[in-house]
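In what follows, residues are counted from 1 in the order of the sequence shown.
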Amino acid sequence: MGTVLGAMRNVRWHELQHAYGSASQVPGVLSRIAWGDAPSSDEALNDLERWIGTPPVFDSTAATVPFLWELAATDTVRDRAGVLDLLATILAAGNPEHPTWTRAAHEAVAEGRATAVRLAAAPHAPVARDVPDTPEVGGPSPAQAVRTAATRLLAAIDRHRCFACPAPPPRGT
C-alpha cells in the first residue's frame, strides 16, 4: 500500500458503520480514489460520499476524514477537488441522533485546515502526472479546481456552526 494511506490498517473498519452497513469496504474505496483510473476513482468517490457523508454522518466518517485529507494533499490523486468537496459535504452534514459522531467528523475536517490553506495558496497546485493541467472544455484546469475547492472548504471551516460543535472562542481573548 506504500506510505499513502498506510495507516488505514490501524483502523478497525469492521467495527464501524456507514449508511449501508459495515465500513469494512472503506479502505478499498479509499485505495481506488488514490490509485484507480478515472472511472474507478470517480465511482469510488461517489460511493464514499453516499456511505459516509450524506446527509447523516456515521462513526466511520471521522475515521475516514484523515485519509481524505491525505488524498487531497497527494499529487497523484486524480480528483483532489472532488475529495475537498467531499470534506465540505461532511462538514455540512450531521446526525442529530449521534452528536458525538457529528462533532468528531467536523473536528477531523477542521484539523486539516492547514492543508486546505496550502492547497488554496498553491500558485500551480500539482496534479497527477498523467492528468494534464489544462482545462476541460468549458471548465477550470485541475490545479485551479483544487485551489477553488480548497478556498471554498476554508470558508466553510471558518464559518462552521452546528448543533454538535461548540462555538469558537471570541476573537481577541
Could you please spell out the steps behind the side-chain contact (heavy atoms from CB on, under 4.5 Å) verdict for L5 and W35?
CA-CA 11 Å; L5 301 179; W35 297 292; 4.1 Å; yes
Any side-chain to backbone donor/acceptor pair from S60 onto Q17? Under 3.5 Å, distance only.
yes
Sub-4.5 Å side-chain heavy-atom contact between L30 and E70
no
Would you say the side-chain atoms of T148 and Q144 include a donor-acceptor pair closer than 3.5 Å?
yes
Specify the closest pair of heavy atoms between F163 and G94, including all atoms of both residues, with the distance to one decimal.
CE2-CA, 4.3 Å
Determine whether R103 and P166 make a side-chain contact, defined as any pair of heavy atoms from C-beta on separated by less than 4.5 Å.
yes
Exercise: identify the closest heavy-atom pair between I33 and V77
O-CG1, 3.9 Å
Look at the side chain of W13 and the backbone N and O of A63, then say whether any donor-acceptor pair between them is shorter than 3.5 Å.
no
Is the backbone of F58 close enough, under 3.5 Å, to the side chain of T61 for a donor and an acceptor to pair up by distance?
yes
Roughly how far apart are S22 OG and E15 CD, rounded to 0.5 Å?
10.0 Å
Give the intermediate values and the outcome of side-chain contact (heavy atoms from CB on, under 4.5 Å) for residues V26 and F67.
CA-CA 10 Å; V26 169; F67 301 108; over 6 Å; no
Distance, nearest 0.5 Å, that separates OG1 of T115 from CG of L68
12.0 Å
Heavy-atom nearest pair, R147 first then A122, reads CD-O, 2.7 Å
If you measure from OG on S41 to CG on N46, what distance do you get to the nearest 0.5 Å?
9.5 Å
Note: with side-chain heavy atoms under 4.5 Å as the link, the other cluster members for V117 come out as L154
OG1 of T102 to CD of E107: how many Å apart, nearest 0.5 Å?
11.0 Å
N-O pairing of D42 and R78 below 4.0 Å:
no
Does V109 offer a backbone N or O that forms a donor-acceptor pair with the side chain of W69 under 3.5 Å?
yes
Closest heavy-atom pair and its distance - A62, A105:
CB-N, 3.8 Å
Non-hydrogen atoms of A93 and V57 that approach each other most closely:
CB-CG1, 3.8 Å
Can you see which heavy atom on L48 is nearest to which on T64, and at what distance?
CD2-CG2, 4.1 Å
Using the side chain to side chain donor-acceptor pair (under 3.5 Å) rule, collect all pairs that involve residues 82-96, keeping only residues at least two apart or in two chains.
D85-R152
Output, in order, the C-alpha distance, side-chain angles, deciding distance and verdict of side-chain contact (heavy atoms from CB on, under 4.5 Å) for D47 and E43.
CA-CA 6 Å; D47 286 347; E43 179 184 8; 4.0 Å; yes
At what distance, to the nearest 0.5 angstrom, does CD1 of I157 lie from CG of L91?
6.5 Å
Over 60° means perpendicular and under 30° means parallel, so tell me whether H160 and H106 are parallel, tilted or perpendicular.
perpendicular
To the nearest 0.5 Å, what is the distance between CG (D158) and CZ (R113)?
4.0 Å
